[in-house]
Engineer: 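Below is a structure I'd like to ask you about.
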Amino acid sequence: MTPEEIRQVLEALGAEATLADHPARGVHVEAWVPADRVRDAAQALRDREFLIEDVIGVDAAPEMMVVYHFHRLEGGCRVRLRVRADREAPRVPTIQDIFPGANWHEREQHDFYGVVFEGHPDLSPLILPEDAGDLRPLRKDEKRLKGLDHIVPPPADQGEAS
Amino acid sequence: MTDVFPPDLIRLIVSFVIVVAFAFTNAAVLVLVERKICGHIQRRPGPFEVGPHGLLQTAVDGVKLMAKQMLVPRNADAGLFRAAPILSFVPPIAALIVVPFARMLQVRDLDIGVLFILSLAAVNVLAILVAGWSSANKYSLFGAIRAVAQNVAYEIPLLLSLLTIVIWVGSFRMSDIVAAQGGFWFAFTPMGFVAFLVYFICGIAETNRAPFDLPEAESELTAGFHTEYAGMGFGLFFLGEYTNMLLVSAIATTLFLGGWNGPAFLTTAGTGFWATVIQTLWFLAKVYGLIVVMIWVRWTYPRVRFDQLLNFCWKILIPISMANLAVTAVWLKL
Amino acid sequence: MIPRPDPTLETLVLNMGPQHPSTHGVLRVVLKLDGEYVLEAHPVIGYGHRMHEKMGEVRNVSGFYANVGRMDYAGALSFGHGHVLAVERMLGIEVPPRAEYIRVITTELNRIASHLLWFGAFLLDLGAFTPILYSFDDREYILDLLEHVTGARLTFSYFRVGGVNRDLDERFIQGTRVFIRRMRSRFEVYHKLVTGNVIFRKRVEGVGVISPDMIRKYGATGPVARGSGIPYDIRRVEPYSVYSEFDFDIPTFPEGDCFARYRVRLAEMEQSLRIVEQALDRLPDGPVMVEKVPKKLKLGPGEVYQAVEAARGELGYYLVGDGTDVPYRLKIRPPSYSNLSLLNELAEGVLLADLVAIMGSLDLVIPEIDR
């Protein structure tokens, strides 16, 4: 399955998918996915024998970003899904029932950023101590906070770069 | 005077002191021997700092153990907790009194010698059970449960293999069994050899040593039944283990390897002083030879799993020893 | 959910760790047991958490060199490799070939050292005390070699953006050749001592079978994936550095049990030796550092993902730059993290002793999981 086919699959699910320059960026396909379609996208990748690599939170203004990486075992095709989440009360549907490996990754991002993964059975602190509460250590303060458009140039620019 | 101190009583006290001293010396030597052998198996010299070639290491360790406080966990059953090490250590020493080190060197030649040893050896499992139960620690409890299941299972083939020799000789008396091996040793007869193998495997299991060290099982149960013991409480378990090893090897030597008989022409059945020395040396050489094998096995093999251990006993050892006993009985009848 | 003690006493909740001999560090596993059978196993992690990711966001790239060696104490060079490759990918720096060869040689030696450590520790978990001393004997040679060239024995910070810290010398090259010859003869000893042992085989064969689907669901990688018959090795599926120039196999075994993972790691050590040998034969001359590395490494804006094959599996660095010399986000995807997360499903219904074998066969390094 080529990256182009994956891109079309994701496009069909309502994502803004683009091919990325793998030697320069390390991924083959990138896609912005609406939060309510992320489970469909994950299921589509699950059906195509993808493996979950990680779930990453990135704090930015005005919205946070949750990044998922998937990799195909044969043929090597890394897919990056991006989901926007509200910065004040970030909520993203969980994919831990589709990829059980996401369970810990999602808990970790909940520890660090306070992202609530809706439907996750147990969001108690995993890496942080049990009494961590609302510590959210990786949230940026105003001084270092950058715009999402600044750190992730829009797809059009990437097309030119690659 | 003779009425106040009857010679028998003096003899008893002297023998008791000698046996206890022997048990302690044996443990002290074996600890060092084990660490040295293990070291060389593992391509390292073993203890090397205290004394020449680390020979005084055990003495220092003993002092350390005695100097340590013996802690009793808060929830533990203090009485039982303190009794368990003694329970594990006294019976094997008591069992030593029927072991014939030489023809004239035996504290008591009971006519139920084999039975006496076996009944005392069975107390060992009680000691482990008490230790594990009274520690109020889940790991200790697991160790105790495993020990009971293991020792009860392995006592059966052990008894059956000893019974093979007993019906062959027709006596429980240790001196009779040794005397019957003047010409040939039972371990070199087909049935005797099978019985010897079964006995030795069970013996290792009875002393809870690797690969059957499930009650301790460091990587699974931290230290098993003696997790909560410190200082001399732990030291006594250690002492008990080494005395048990001595006992198991002494029984194997007596019943299967000709006791104090030497091989072929190098033997003597005399009762004089030098004859006794030679016989004792033969006996101890065989005993420590077996112990070295036990140490060798321990530092070479991984640990078996609990269900494999029990399956091995119930499905392999017990049928073999039963068949062996039956064959021996039929053969004797013919 | 961490199991709580059961008032009906039908089951037993056993707290294994954080100070337990076979959890290899500060891992805690809360077990729910029925007799000796494990009903549930819940790993509790984070006891060694140092927030390396936050440190990555507050110091510049060269300030993070010291951190990479302190996540995975057994295979630290791979972590350094991933880090500098990620930064180089973002900055578009071409590294001199000699530097890449040196990186590969040292990383592969480090991989062998890591697998030797695992070999000893795994057998220690199974109750065999001796093999660890044999493997440490061999590991010592590697550590001496690496100490000679990197200056460290465990927490390496040898790689730099644009090359490596110091060049190899003749002594290292000769010493490595001697080590390769020695190590090849040592595998026979290992196989005689361990692989053929009946008790060992009974303990590992058919124990802890991981299906290929489970590998995908949980994102398990490295020898765990290859022990389930999936030829997933970043060095092959997504070649980085100069790995595409070497001739080596990706050992896979389809059984998925502890024994398959054991054989994968032993075979991998032999393959690593092959890579090191080829790299030494073809080691190009030239500088080990790029001529002009800017003093201030301005990252981005933009993001890169760099995966490398660490000793335990796929290690990923996700680096986001915002135009300054301090990364905006540095996410580290440690391989053991995903490998451990499948324990709960895998441990269901096994014996306590098997759980220890399974955890040993996953080759967990806890500081790497906790970061």
Engineer: Is it the side chain or the backbone of L12(C) that comes within 4.5 Å of chain B heavy atoms, both, or neither?
Structural biologist: side chain
Engineer: Roughly how far, to the nearest 0.5 Å, is CZ of R303(B) from CG of D125(C)?
Structural biologist: 9.0 Å
Engineer: Can you name the closest pair of heavy atoms from D213(B) and F129(C) and give their distance?
Structural biologist: OD2-CZ, 4.4 Å
Engineer: Taking L351(C), L123(C), L124(C) one by one, which has the highest count of heavy-atom pairs under 4.5 Å against chain B?
Structural biologist: L351(C)
Engineer: Taking OH in Y37(C) as the centre, count heavy atoms belonging to other residues, nucleotides or ligands within less than 6.0 Å. Is the count above 12?
Structural biologist: no
Engineer: Please say whether more than 12 non-hydrogen atoms of neighbouring residues, nucleotides or ligands are located less than 6.0 Å from CD in E147(C).
Structural biologist: yes
Engineer: If the contact rule is any heavy atom under 4.5 Å from chain C, which residues of residues 147-160 of chain B qualify, in numerical order?
Structural biologist: none
Engineer: How far does CG of D137(C) sit from CZ of R44(B), to the nearest 0.5 angstrom?
Structural biologist: 12.0 Å
Engineer: How long is the straight-line distance from CD1 of I145(B) back to CD of E36(C), given to the nearest 0.5 Å?
Structural biologist: 7.5 Å
Engineer: Please determine whether side-chain contact (heavy atoms from CB on, under 4.5 Å) holds for the pair V207(C) and R305(B), giving the CA-CA distance in whole Å, both sets of side-chain angles, and the decisive distance to 0.1 Å.
Structural biologist: CA-CA 12 Å; V207(C) 170; R305(B) 207 171 59 201; 3.7 Å; yes
Engineer: Tell me if the NE2 atom of H53(B) is crowded by more than 12 foreign heavy atoms within 6.0 Å.
Structural biologist: no
Engineer: Chain B heavy atoms under 4.5 Å from L355(C): which part of the residue, side chain, backbone, both or neither?
Structural biologist: neither
Engineer: At what distance, to the nearest 0.5 angstrom, does NZ of K202(C) lie from CZ of F312(B)?
Structural biologist: 10.0 Å
Engineer: Does any backbone or side-chain atom of Q42(B) lie under 4.5 Å from a heavy atom of chain C? Answer side chain, backbone, both or neither.
Structural biologist: both
Engineer: Rounded to the nearest 0.5 Å, how far apart are CG of L193(C) and OG1 of T300(B)?
Structural biologist: 7.5 Å
Engineer: Indicate yes or no for a side-chain donor-acceptor contact from K138(B) to the backbone of N15(C) under 3.5 Å, with no hydrogens or angles considered.
Structural biologist: no
Engineer: Hey, what do you get for CZ (F142(B)) to CG (L352(C)), rounding to the nearest 0.5 Å?
Structural biologist: 6.0 Å
Engineer: Taking all atoms of both residues into account, what is the closest heavy-atom pair of I199(C) and P302(B), and its distance?
Structural biologist: CG2-O, 3.5 Å
